[in-house]
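Just so it is clear, the model here is predicted, and its values are computed rather than measured.
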Amino acid sequence: MDREEYVEAVLRAVESIPEGSVATYGDIAEYIGQGGPRQVGAIMREYGATVPWWRVIRASGVPADEVGDEQLHRLRSDGVRITNGRVRLRDVRWDPQD
DNA sequence: CTCATGACGTAAG
DNA sequence: ACTTACGCCATGA
């Protein structure tokens with residue numbers, strides 16, 4: 001799998017996250033079966049603007065510093081419960097079969 | 001080829 | 001719960 005294919009795979013995965021669900025960087029990498037969280041983050045930094053980027057968050061449930069509050073606002077408008085600047089992954093974590 | 005970097009993750013203190 | 005360390009590994013200099 002070359003880089004272009006990898007980029008496409010990441011973007012497709014993110015597009016498939018339904019409203020109301022949230023995935024971690026690691027989830028995306030695992031789903032693709034290639035690379036790791038840092039690679040996914042690198043792709044998001046470069047191409048994230050073209051997909052629902054706000055549905056991808058750190059495993060801790062806290063947004064990446066770069067996006068911060070903007071991400072929390074968008075998630076809340078998706079109907080995701082936010083408590084203390086934090087997403088409850090327990091409740092909303094993406095399941096690829098959706 | 002070596003080196004630094006980083007929308008990350010996890011363990012340890 | 002917070003902070004620090006370290007592992008990770010593709011990418012660019």
According to side chain to side chain donor-acceptor pair (under 3.5 Å), does anything in residues 44-63 of chain A pair up with another residue at least two apart or in another chain? List the pairs.
Arg3(A)-Glu46(A), Trp54(A)-Asp78(A), Arg55(A)-Asp78(A)
Evaluate the side-chain proximity of Met44(A) to Ile28(A): yes if any heavy-atom separation is below 4.5 Å, no if none is.
no
Contacts under 3.5 Å, N or O only, protein and nucleotides 9-13 of chain B:
from	atom 1	to	atom 2	distance (Å)
dG9(B)	OP1	Gly26(A)	N	3.4
dG9(B)	OP2	Ala59(A)	N	2.8

Ion pair check, Asp91(A) and Arg81(A), cut-off under 4.0 Å
no
Within-4.5 Å side-chain heavy-atom neighbours: Ser21(A) and Arg93(A):
no
What is the distance from CZ of Arg45(A) to P of dT5(B), rounded to the nearest Å?
13 Å
If Ile, Leu, Val, Met, Phe, Trp and Tyr residues are connected whenever their side-chain heavy atoms lie under 4.5 Å apart, and connections chain through other members, are Ile17(A) and Tyr6(A) in the same group?
yes
Dump every N/O contact between nucleotides 10-12 of chain C and the protein below 3.5 Å, one line per pair.
from	atom 1	to	atom 2	distance (Å)
dA10(C)	O4'	Gln39(A)	OE1	3.4
dT11(C)	OP1	Arg3(A)	NH1	2.7

Connected via hydrophobic side-chain network under 4.5 Å: Val22(A) and Val62(A):
no
Distance (rounded to the nearest 0.5 Å) between Leu72(A) CG and Ile57(A) CD1
6.5 Å
Find the distance Asp69(A):CG to dA7(B):P and express it as a whole number of Å.
17 Å
Measure from the side-chain N and O atoms of Asp2(A) to the backbone N and O of Glu4(A), and report whether any donor-acceptor pair falls under 3.5 Å.
yes
